[in-house]
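See structure below.
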Number of protein chains: 2
Amino acid sequence: MKATPNATRNTRQRGEVMALLQEVEGARSAQQLYLLLRERGAKVGLTTVYRTLQMLVDAGDADTTRLPGGEQLFRLCSPTHHHHLVCRGCGKTVEVAGPAVERWADEVAADNGFTDVGHTIEIFGTCRDCAAGQAGPA
Amino acid sequence: MKATPNATRNTRQRGEVMALLQEVEGARSAQQLYLLLRERGAKVGLTTVYRTLQMLVDAGDADTTRLPGGEQLFRLCSPTHHHHLVCRGCGKTVEVAGPAVERWADEVAADNGFTDVGHTIEIFGTCRDCAAGQAGPA
DNA sequence: GAGCGAAACGATAATCGTTATCAAGAACTA
DNA sequence: TAGTTCTTGATAACGATTATCGTTTCGCTC
């Protein structure tokens with residue numbers, strides 16, 4: 001055989017997406033990331049942005065939230081289980097852990113005869129900066 | 001003036017949607033409800049289904065969840081604050097209250113300087129029935 | 001380096017859920 | 001019954017995401 005099958009390759013495009021994700025703090029939509037990449041001159045197709053993001057999510061290096069409108073947001077994050085506190089104004093995200101909440105969710109589910117339990121917890125609010133200067137900082 | 005302005009009318013279509021929502025227990029998507037209505041011979045347009053559902057949500061008589069895929073589910077529910085335990089198989093929904101969780105969410109947000117706090121909590125699992133008869137009952 | 005097979009790219013089209021449009025119809029009240 | 005005004009609903013528009021598929025690129029070996 002001439003090439004290693006089943007490997008994951010290092011491409012320029014993936015690098016660009018990763019780099020951008022590390023720079024922006026907070027959650028961004030795929031479309032936003034795509035535009036940001038174009039602005040900075042990185043030539044990456046929209047398809048590739050989606051593919052890369054999905055890849056990161058599958059690998060556990062990123063996770064997603066859904067805006068009320070249904071749009072999907074992505075962010076890099078630690079691989080351990082946690083939840084997010086998200087600013088409505090600027091999208092700033094704080095990772096929070098809540099062992100008590102995890103237990104509560106599992107108990108409630110068990111009490112009702114549910115198995116194979118998972119949960120989604122998101123906290124939304126306005127961060128100090130946005131509350132102060134009514135305009136959402138970048 | 002000949003008619004009372006700003007009133008909300010009782011139409012056949014709204015009645016059909018309401019009736020269906022009361023019959024099915026569990027969350028359904030607008031598209032599902034639309035199909036169910038057609039099956040039972042109720043002539044209601046898709047637009048009207050969406051409109052009626054949105055109306056119910058605004059009035060606090062129904063609320064919504066979003067599936068991982070982004071599709072929006074609707075269900076009638078009590079107007080007090082609560083969360084949901086949803087079966088992945090059949091959509092059965094149990095309303096659960098968790099004062100402790102509410103407090104936790106508010107505290108976490110406050111600790112991080114967030115104000116105007118809200119949260120989203122959904123628990124997913126497989127209900128006893130679905131776990132037993134591997135096929136999701138209606 | 002040249003060659004090669006597999007993986008990745010990306011422009012475009014397709015999909016899917018949802019929302020807007022707007023003329024025709026129905027529910028109220030006087 | 002007449003007159004409004006709200007509703008309806010077929011259709012088009014929309015926005016995000018996914019599939020298609022020919023082309024490009026990577027990583028490797030010779």
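Note that the structure is predicted; figures quoted are calculated from it, not measured. Chain letters run A, B, ... following the sequence lines, proteins first and then strands; every chain starts at 1. Atoms considered below: every heavy atom in the structure, side chains included; atoms not considered: hydrogens, waters and symmetry mates.
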Atom-to-atom span, [atom1] of [X] to [atom2] of [N] - whole angstrom:
X        : N       : atom1 : atom2 : result
Arg66(A) : dG17(C) : CZ    : P     : 13 Å
Leu53(A) : dA8(C)  : CG    : P     : 15 Å
Met55(B) : dG9(D)  : CE    : P     : 13 Å
Leu35(A) : dT17(D) : CG    : P     : 12 Å
Gln32(A) : dT17(D) : CD    : P     : 10 Å
Glu71(A) : dT19(C) : CD    : C1'   : 16 Å
Gln54(B) : dG9(D)  : CD    : P     : 18 Å
Leu37(A) : dG10(C) : CG    : P     : 10 Å

Query raised in the report: Does a distance-only test, which skips hydrogens and angles, find a donor-acceptor pair under 3.5 Å between the side chain of Arg51(B) and the base of dG9(D)?
Result: yes
Query raised in the report: Would you say dT18(C) has OP1 or OP2 under 4.0 Å from some side-chain N or O of Tyr50(B)?
Result: yes
Query raised in the report: Within the pair Thr47(A) and dC21(D), is there a side-chain N or O less than 4.0 Å away from OP1 or OP2?
Result: no
Query - Chi angles and distances behind the ring-ring contact (aromatic ring centres under 6.0 Å, His included) call for His81(B), His119(B) - result: CA-CA 11 Å; His81(B) 184 72; His119(B) 57 261; 5.2 Å; yes
**Report entry** 5'-most by nearest nucleotide on DNA chain C - Ala30(B) or Leu46(A)
**Finding:** Leu46(A)
Query raised in the report: What nucleic acid atoms does Gln31(B) come within less than 4.0 Å of, heavy atoms only: base, sugar-phosphate, or nothing?
Result: base
Query raised in the report: With a non-hydrogen cut-off below 4.0 angstrom, is Arg14(A) in contact with a base, only sugar-phosphate, or nothing?
Result: sugar-phosphate
**Report entry** salt bridge (Lys or Arg N to Asp or Glu O under 4.0 Å) evaluation trace for Arg103(B) with Glu107(B)
**Finding:** CA-CA 6 Å; Arg103(B) 273 198 305 277; Glu107(B) 273 171 30; 5.3 Å; no
Query raised in the report: For Ile121(B), which of Ile121(A), Val101(A), Ile123(A), Thr120(A) qualifies under side-chain contact (heavy atoms from CB on, under 4.5 Å)?
Result: Ile121(A)
**Report entry** Per Thr48(B) side chain, nearest of listed nucleotides dG10(C), dT8(D), dT18(C)
**Finding:** dT8(D)
**Report entry** Sub-4.5 Å side-chain heavy-atom contact between Arg51(A) and Arg14(A)
**Finding:** no
Give me, pair by pair, the N or O atoms of the protein and of nucleotides 24-26 of chain D that are less than 3.5 Å apart, along with how far apart they are.
{"from": "dT25(D)", "atom 1": "O2", "to": "Arg9(A)", "atom 2": "NH1", "distance (Å)": "3.4"}
{"from": "dC26(D)", "atom 1": "O2", "to": "Arg9(A)", "atom 2": "NH1", "distance (Å)": "3.2"}
{"from": "dC26(D)", "atom 1": "O2", "to": "Arg9(A)", "atom 2": "NH2", "distance (Å)": "3.1"}

Query raised in the report: Out of curiosity, does Tyr34(A) fall in the hydrophobic cluster containing Met55(A) (side-chain heavy atoms, cut-off under 4.5 Å, transitive links)?
Result: no
Query raised in the report: Can a salt bridge be assigned to the pair Glu23(A) and Arg40(A) using a cut-off of 4.0 Å between side-chain N and carboxylate O?
Result: yes
Query raised in the report: Rounded to the nearest 0.5 Å, how far does CG of Leu36(B) lie from OG of Ser29(B)?
Result: 8.5 Å
